[in-house]
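All chains are named by letter (A, B, ...) in the order of the sequence lines, taking the proteins before the strands, and each is independently numbered beginning at 1.
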Protein chains: 2
Amino acid sequence: MAQKNKLQFIILGLLNQRPLTGYDLTKSFDNEIGEFWQAQHSQIYPQLKRLEEQGAITHEVMVSGEKLEKKLYHITDLGTARLRDWITVGTPELTATKDEFILKLYFIRKSTDPRLSVMLHEQLRLHTAKLTHLKGRMTTVFGDDQQIADNYGHYLILQHAVGRESYYVNWLKQTLKTVKHAQA
Amino acid sequence: MAQKNKLQFIILGLLNQRPLTGYDLTKSFDNEIGEFWQAQHSQIYPQLKRLEEQGAITHEVMVSGEKLEKKLYHITDLGTARLRDWITVGTPELTATKDEFILKLYFIRKSTDPRLSVMLHEQLRLHTAKLTHLKGRMTTVFGDDQQIADNYGHYLILQHAVGRESYYVNWLKQTLKTVKHAQA
DNA sequence: AGGAACATGTAAATTGTTACATGATTAC
DNA sequence: GTAATCATGTAACAATTTACATGTTCCT
């Protein structure tokens with residue numbers, strides 16, 4: 001296996017909350033989940049087919065308007081059991097964070113390299129925008145306490161993402177200061 | 001392309017510092033670089049062959065002992081140019097962090113779920129160990145200021161990794177406190 | 001002598017991305 | 001009407017992991 005097929009568990013986890021179409025599942029990766037995993041529809045549709053063959057999910061056909069058929073997938077008992085097992089077993093492997101900017105940074109030898117400041121400013125812009133987006137999500141999704149109580153894990157990971165992004169932005173600002181001094 | 005072949009640039013960047021064998025390159029992923037990118041030797045050897053075909057690197061054969069031949073790879077002018085270009089262009093895509101634990105967390109609905117505490121404790125153990133390792137690297141690799149001045153980017157990414165891991169550990173501790181209260 | 005580490009490759013399978021393909025519905 | 005979005009799929013390609021395969025050198 002190239003990575004033990006975590007996508008199947010994400011699909012099962014989402015379907016465990018409520019029935020969804022392949023299109024709905026694809027869109028789930030636009031927000032919070034997308035912070036921690038990415039998948040395109042070309043990966044999701046075949047995976048749905050496999051999960052159904054295995055009996056972990058089923059689908060019913062819904063018709064929108066005149067003739068648009070969409071498949072609404074439901075999780076089965078086998079699926080919930082598989083999801084439960086995945087969550088319950090340990091998670092001992094810490095995967096490397098693939099950060100291309102950090103990779104480039106590694107190959108900058110001198111603090112006086114003129115590219116450094118440019119690169120840091122670009123990242124500061126990007127990560128500040130991301131942080132703003134995440135904070136916006138936090139207020140819209142978890143405006144009231146009941147939302148937090150009912151989706152505690154979701155709340156935790158969003159809060160984690162905000163904190164992580166805050167750290168990144170602060171680190172960039174601090175590093176920029178140091179670089180500025182080094183170049184002065 | 002599945003990801004624009006970043007591995008080639010890591011190899012070029014490492015060879016730009018000094019000539020290395022495929023084995024040496026493989027081992028480079030055990031430490032700092034491994035925090036931000038992973039690759040196995042089965043990916044590195046074919047990539048070296050391709051880079052050499054393209055004229056970005058060359059190799060000379062060294063003989064250790066009686067007959068063990070090893071290939072010491074050098075970067076060429078074409079290679080340094082390609083590396084320079086990669087570092088110089090912008091890095092506008094922020095890749096998702098694939099964190100399996102966070103993914104599992106997303107599917108925990110209630111703060112009273114008994115698995116939560118177990119999961120958080122496991123991660124606290126793992127990330128604390130990692131933080132200790134990174135701090136150790138920091139003192140061994142950057143004991144004196146000259147090391148920092150000569151490998152500033154390397155210093156920055158190690159420092160970034162330490163900070164990121166510190167955040168993670170603190171977040172886990174804070175979250176554990178909240179969970180404990182919720183369960184009390 | 002034997003085990004850990006050095007050293008280099010290939011093969012098979014899986015995962016993930018981009019591109020190709022098609023059609024329906026909704027809101028303006 | 002037309003553009004954005006909804007909706008589902010396959011094909012081709014690229015990246016990544018795991019397994020297969022072999023041999024040497026160094027240290028104790």
Side-chain angles (χ1 to χ4, degrees), chain A residues 1-11 19-31 33-34 36-54 57 59-73 93-100 103, chain B residues 1-11 14 19-31 33-34 36-54 57 59-73 93-98 100 103:
Chain A
M1 335 144 227
Q3 201 147 168
K4 236 208 109 221
N5 195 357
K6 279 152 199 149
L7 178 60
Q8 67 173 316
F9 299 116
I10 301 171
I11 292 175
L20 296 166
T21 66
Y23 188 84
D24 296 331
L25 286 163
T26 303
K27 300 215 71 184
S28 299
F29 290 90
D30 289 346
N31 281 305
I33 288 191
F36 302 102
W37 207 268
Q38 278 294 318
Q40 278 69 45
H41 77 274
S42 58
Q43 211 181 346
I44 289 166
Y45 287 111
Q47 184 65 64
L48 284 168
K49 193 182 275 184
R50 279 196 296 277
L51 282 169
E52 186 157 38
E53 280 165 13
Q54 295 160 6
I57 59 175
H59 80 268
E60 54 176 324
V61 175
M62 311 287 280
V63 179
S64 288
E66 286 293 293
K67 49 180 167 176
L68 180 63
E69 295 192 345
K70 52 182 183 176
K71 298 180 179 174
L72 196 63
Y73 286 92
E93 319 85 33
L94 306 181
T95 316
T97 310
K98 298 205 165 181
D99 187 323
E100 188 176 7
L103 233 34
Chain B
M1 328 148 233
Q3 203 143 168
K4 236 206 110 220
N5 195 358
K6 279 152 199 150
L7 178 60
Q8 68 174 314
F9 300 116
I10 301 172
I11 291 174
L14 290 168
L20 295 167
T21 65
Y23 189 84
D24 295 332
L25 287 163
T26 303
K27 298 214 71 182
S28 299
F29 290 91
D30 289 345
N31 282 306
I33 289 190
F36 302 101
W37 206 268
Q38 277 294 319
Q40 278 69 45
H41 78 274
S42 60
Q43 210 181 347
I44 290 166
Y45 288 112
Q47 185 63 64
L48 284 168
K49 193 183 275 183
R50 280 197 295 278
L51 283 169
E52 187 157 38
E53 280 165 12
Q54 295 161 7
I57 60 175
H59 81 267
E60 55 174 324
V61 175
M62 311 288 280
V63 179
S64 288
E66 285 292 293
K67 49 180 167 174
L68 180 63
E69 294 192 347
K70 51 181 182 177
K71 297 180 180 175
L72 196 62
Y73 286 93
E93 318 87 30
L94 306 181
T95 316
T97 309
K98 299 205 163 182
E100 188 177 6
L103 230 37

Asks: Between CD1 of B:Ile57 and CD of B:Gln47, what distance do you get to the nearest 0.5 Å?
Replies: 8.5 Å
Asks: Can you give me the closest heavy-atom contact between A:Thr95 and B:Lys98, atom names plus distance?
Replies: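 In this case the closest contact between A:Thr95 and B:Lys98 is CB-O, 3.4 Å.
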Asks: Does a nitrogen or oxygen in the side chain of A:Lys49 sit under 4.0 Å from OP1 or OP2 of D:dT10?
Replies: yes
Asks: Ignoring backbone atoms, test whether A:Lys98 places a side-chain nitrogen or oxygen under 4.0 Å from the OP1 or OP2 oxygen of D:dT16.
Replies: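 Answer is yes, contact under 4.0 Å.
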Asks: In whole angstrom, what separates B:His59's NE2 from C:dA7's C1'?
Replies: 13 Å
Asks: Per the end-axis method with five pairs at each terminus, what is the bend angle of the helix from C:dA1-D:dT28 to C:dC28-D:dG1, to 10°?
Replies: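 Helix axis angle between the two ends: 40°.
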Asks: Take atom CZ of B:Arg50 and atom C1' of D:dA15, then tell me their distance rounded to the nearest Å.
Replies: 10 Å
Asks: Nearest whole Å is fine: how far is C:dT8 C1' from B:Leu48 CG?
Replies: 10 Å
Asks: Report the distance from atom NZ of B:Lys67 to atom P of D:dG23, rounded to the nearest whole Å.
Replies: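 From B:Lys67 NZ to D:dG23 P: 10 Å.
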Asks: Atom CH2 of B:Trp37 and atom CG of A:Leu103: how far apart are they, to the nearest 0.5 Å?
Replies: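 The CG atom of A:Leu103 is 6.5 Å from CH2 of B:Trp37, to the nearest 0.5 Å.
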Asks: Counting distance only, does the side-chain N/O of B:Glu60 pair as donor-acceptor with the main-chain N or O of B:Tyr73 below 3.5 Å?
Replies: no
Asks: With rounding to the nearest 0.5 angstrom, report the CE to CD distance, B:Met62 to B:Glu69.
Replies: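 That separation rounds to 11.5 Å.
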Asks: Got a sec, which residues hit side-chain contact (heavy atoms from CB on, under 4.5 Å) with A:Ser64, two or more places apart in sequence or on another chain?
Replies: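 For A:Ser64, the residues satisfying side-chain contact (heavy atoms from CB on, under 4.5 Å) (neighbours in sequence not counted) are A:Leu68, A:Lys70.
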Asks: Collect all protein-nucleotide pairs involving nucleotides 6-8 of chain D in which both atoms are nitrogen or oxygen and the distance is under 3.5 Å.
Replies:
from	atom 1	to	atom 2	distance (Å)
D:dC6	OP2	A:Tyr23	OH	2.6
D:dC6	OP2	A:Lys27	NZ	3.1
D:dC6	O5'	A:Tyr23	OH	3.2
D:dA7	OP1	A:Lys70	NZ	2.7
D:dT8	OP1	A:Lys71	N	2.8
D:dT8	OP2	A:Gly22	N	3.4
D:dT8	OP2	A:Tyr23	N	2.8
D:dT8	OP2	A:Tyr45	OH	3.0

Asks: How close do B:Ile33 and B:Ser28 get, counting heavy atoms only, and between which atoms?
Replies: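 B:Ile33 and B:Ser28 have their closest heavy atoms at CB-O, 3.7 Å.
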Asks: About how many Å separate CD of B:Gln43 and CG of B:Asn5, when rounded to the nearest 0.5 Å?
Replies: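 If I round to the nearest 0.5 Å, the distance is 8.5 Å.
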Asks: Please state how far atom CG in A:Asn5 lies from atom P in C:dA13, giving the value in whole angstrom units.
Replies: 17 Å
Asks: Send over the distance from B:Glu93 CD to C:dT18 C1', rounded to a whole Å.
Replies: 14 Å
Asks: For the pair made of CG in B:Leu25 and P in C:dC6, what is the distance, rounded to whole Å?
Replies: 14 Å
Asks: Is a side-chain N or O of A:Glu100 found less than 3.5 angstrom from the main chain of B:Glu93, in a donor-acceptor match?
Replies: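 Not confirmed, A:Glu100 side chain does not pair with B:Glu93 backbone.
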Asks: Roughly, in whole Å, what's the span from CD in A:Gln8 to P in C:dT14?
Replies: 13 Å
Asks: Which nucleotide wins on minimum distance to the side chain of A:Ser42, given the candidates C:dT15, C:dT17, C:dA11?
Replies: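 The listed nucleotide nearest to A:Ser42's side chain is C:dT17.
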Asks: By nearest heavy atom, map A:Ala39 and A:Val63 onto DNA chain C; which one lands nearer the 5' end?
Replies: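 Nearest nucleotide further toward 5': that of A:Ala39.
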Asks: Taking only side-chain nitrogens and oxygens of A:Gln40, does any of them come within less than 4.0 Å of OP1 or OP2 of C:dG16?
Replies: no
